[in-house]
Amino acid sequence: MFKNSKGSVPVSCGCKSAIEHWERNSNRKAVFCSVKGCTKQAEHGGHIINCHGNASNKQYIVPLCTLHNHSSFSQSFTLNKIIEPIPVGKLHNCK
Ligand SMILES: [Zn+2]
Ligand SMILES: [Zn+2]
């Protein structure tokens with residue numbers, strides 16, 4: 001389970017946007033929102049954290065629709081199976 005992170009660290013890796021950071025490092029095009037069951041279009045690279053396990057609050061990027069990227073969306077959610085959460089920070093495929 002994941003939830004939106006409150007306060008986002010910038011991707012700070014050379015990618016123009018969080019969604020570009022996700023696309024480059026997942027080798028996918030962001031098409032649909034990553035929240036399981038949501039069929040809206042992916043508009044943003046959303047910053048999320050894992051609700052369980054590590055207490056590090058490590059942030060990941062996934063494509064989200066406008067609704068699910070909004071700060072008022074505070075429920076925890078599961079991701080669509082094909083979606084790989086990409087950690088924030090400089091990665092191999094960053095620009
Ligand atoms: Zn990047
Ligand atoms: Zn959505």
Side-chain angles (χ1 to χ4, degrees):
M1 298 285 273
F2 290 87
K3 60 184 178 184
N4 278 347
S5 105
K6 293 201 196 321
S8 310
V9 296
V11 284
S12 69
C13 56
C15 296
K16 278 201 288 293
S17 62
I19 201 160
E20 181 185 313
H21 180 75
W22 183 85
E23 288 186 333
R24 284 180 173 280
N25 290 291
S26 65
N27 288 312
R28 285 177 178 277
K29 278 274 165 214
V31 181
F32 295 113
C33 178
S34 306
V35 175
K36 193 173 182 193
C38 182
T39 54
K40 292 202 172 66
Q41 227 175 332
E43 310 266 8
H44 307 278
H47 290 66
I48 62 170
I49 54 172
N50 199 324
C51 299
H52 301 297
N54 66 42
S56 69
N57 279 358
K58 186 165 177 49
Q59 294 191 1
Y60 297 86
I61 305 292
V62 294
L64 292 177
C65 68
T66 303
L67 181 76
H68 285 131
N69 191 50
H70 197 272
S71 55
S72 67
F73 175 64
S74 55
Q75 289 158 269
S76 45
F77 55 88
T78 45
L79 298 175
N80 279 323
K81 265 207 283 297
I82 58 161
I83 296 294
E84 182 192 355
I86 301 295
V88 169
K90 179 93 176 151
L91 299 174
H92 184 63
N93 290 326
C94 286
K95 196 157 191 176

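First listed ligand is number 1; within each ligand, the first listed atom is number 1.
- Note on His68: its N/O/S atom closest to the Zn ion (ligand 2) is ND1.
- At the Zn ion (ligand 1), the angle from SG in Cys15 to SG in Cys13 is 110° when rounded to 10°.
- Taking OG1 of Thr78 as the start and CD1 of Ile83 as the end, the distance is 12.0 Å to the nearest 0.5 Å.
- Between Glu84 and Asn25 the shortest side-chain heavy-atom distance does not fall below 4.5 Å.
- Within His21, ND1 is the N, O or S atom that lies nearest to the Zn ion (ligand 1).
- Separation of atoms NE2 (His21) and NZ (Lys90) is listed at 9.5 Å; rounding is to 0.5 Å.
- Checking side-chain atoms of Asn80 against main-chain N and O of Cys33 turns up a donor-acceptor pair under 3.5 Å.
- Centred on the Zn ion (ligand 2), the angle running from Cys38 (SG) to Cys33 (SG) is recorded as 110°, rounding to 10°.
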